[in-house]
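Please read these numbers as outputs of a predicted model, since none were measured by experiment. Numbering of ligands and ligand atoms starts at 1, following listing order.
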Amino acid sequence: MSMMVEAAPGQKLYRAVVDALRRQIETGRFAETQLLPAERELCELLDVSRTTLRKAIADLIDEGVLYHRHGAGTFIHRATPRVEQPSSRLTSFTEDMRLRGLEASSRELERGVFLPTPEEAMMLGAGPNERVFRLGRLRLADGSPMAIERAAIPMRYLPEPDSVGASLYEALASRGFKPTRGLQRLRATLVCDADADLLGVAHNSPALYIQRIAYLADGSCVEFTKSWYRADAYDFVSELTLSPPIRKARR
Ligand code: 16G
């Protein structure tokens with residue numbers, strides 16, 4: 001099985017290797033192990049030098065297609081599930097993934113009780129001395145990173161931060177504080193390098209930055225969360241309706 005590559009006129013040979021490897025990955029050639037064959041084997045397959053291959057692999061690592069694990073080799077990122085999310089429903093990540101038949105999991109980045117930042121105090125309508133519970137998580141679907149979420153909850157709703165397990169909304173619901181209304185702001189952004197590494201995407205990749213403020217039925221604010229969703233994994237879908245006709249007031 002050879003994978004001969006030929007550079008197009010004006011194209012550098014290593015870029016032709018990038019294209020050839022990407023095609024092979026997309027068509028699932030190395031899918032079984034997710035481990036890229038050894039350098040020597042690939043050089044033979046592609047009939048290129050080590051230097052050319054290494055340059056191509058470095059580009060694919062930058063693009064987030066491959067990643068290197070020290071001492072173990074070069075791996076292919078698992079295909080990320082693409083998720084369509086109605087932007088008008090107040091659901092939790094765990095519920096959203098369950099509805100799609102995907103298993104939600106998290107890697108915890110931060111958990112603790114802090115004095116609020118001015119932004120948190122303002123968004124939560126909390127006093128400057130009212131402590132907040134902060135939870136930062138990398139959220140995964142079937143093991144693939146989807147989003148980074150940093151939530152702040154006034155302590156009075158979650159006095160025992162350790163009681164939060166896999167789902168923040170479940171923990172709030174079990175104390176009778178499930179949010180019933182939310183406001184969400186969404187904008188495009190580029191991820192910082194540290195977040196790109198967590199999300200398994202190339203540096204400077206685009207992301208959807210979302211701020212959610214969630215309220216209880218009595219109007220008090222229970223959650224302020226900032227999230228960075230992978231742009232290649234999430235579609236936020238909105239339903240549009242005609243607004244009801246404006247009636248002229250009768251005189
Ligand atoms: C969603 C919410 C987030 C909330 C989380 C709770 C968006 C953009 N964000 O991801 O604000 O904190 O769900 O999920 O939808 P959990 O109950 O699974 O922890």
Side-chain angles (χ1 to χ4, degrees), residues 80-114 116-117 119-120 122-126 132-189 191 195 198-199 201 205-217 220-239:
T80 306
R82 195 167 180 103
V83 161
E84 277 197 4
Q85 174 64 15
S87 57
S88 55
R89 286 216 334 257
L90 183 65
T91 45
S92 74
F93 186 85
T94 309
E95 289 172 283
D96 289 339
M97 296 307 123
R98 198 181 295 140
L99 284 172
R100 292 174 176 79
L102 301 169
E103 199 191 327
S105 61
S106 304
R107 195 176 121 200
E108 217 163 283
L109 308 172
E110 181 187 26
R111 177 190 288 248
V113 175
F114 304 89
T117 61
E119 184 190 36
E120 285 167 347
M122 205 165 74
M123 293 298 195
L124 291 166
V132 295
F133 164 58
R134 223 178 271 155
L135 183 63
R137 292 173 293 174
L138 174 70
R139 313 298 312 256
L140 306 105
D142 275 359
S144 292
M146 302 292 277
I148 294 169
E149 293 188 335
R150 297 187 181 277
I153 312 285
M155 268 293 278
R156 77 189 107 119
Y157 301 119
L158 276 178
E160 291 145 28
D162 288 342
S163 65
V164 180
S167 165
L168 177 62
Y169 277 16
E170 268 170 36
L172 286 168
S174 70
R175 298 187 49 85
F177 296 129
K178 192 175 164 81
T180 57
R181 190 172 70 83
L183 263 182
Q184 208 159 271
R185 176 200 293 262
L186 188 151
R187 75 170 119 93
T189 189
V191 283
D195 286 356
L198 285 170
L199 289 168
V201 294
S205 289
L208 298 162
Y209 172 65
I210 304 169
Q211 283 189 351
R212 178 183 285 194
I213 305 180
Y215 302 91
L216 298 175
S220 47
C221 188
V222 68
E223 173 199 13
F224 169 54
T225 296
K226 300 199 264 189
S227 320
W228 291 260
Y229 277 73
R230 277 177 67 154
D232 61 343
Y234 243 76
D235 285 352
F236 278 85
V237 182
S238 314
E239 185 180 305

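Residues satisfying the side chain to side chain donor-acceptor pair (under 3.5 Å) test with S167, not counting sequence neighbours, are none. With sequence neighbours left out, F224 forms a ring-ring contact (aromatic ring centres under 6.0 Å, His included) with no residue at all.
Between E108 and R111, at least one side-chain nitrogen of the basic residue sits less than 4.0 Å from a carboxylate oxygen of the acidic one, meeting the salt-bridge criterion.
In this structure, ligand 1 sits under 4.0 Å from heavy atoms belonging to T91, S92, F93, T94, R137, R139, E149, A166, S167, L168, Y169, Q184, I210, R212, E223, T225, Y229.
The cationic group of R134 lies under 6.0 Å from the six-membered ring centre of F114 and within 45° of the ring axis, placing it in a cation-pi geometry.
The side-chain heavy atoms of L138 and M146, taken from C-beta on, include no pair separated by under 4.5 Å.
Pairs passing the ring pair (Phe, Tyr, Trp, His ring centres under 6.0 Å) check and including a residue from residues 137-179, sequence neighbours excluded, read Y157-F177.
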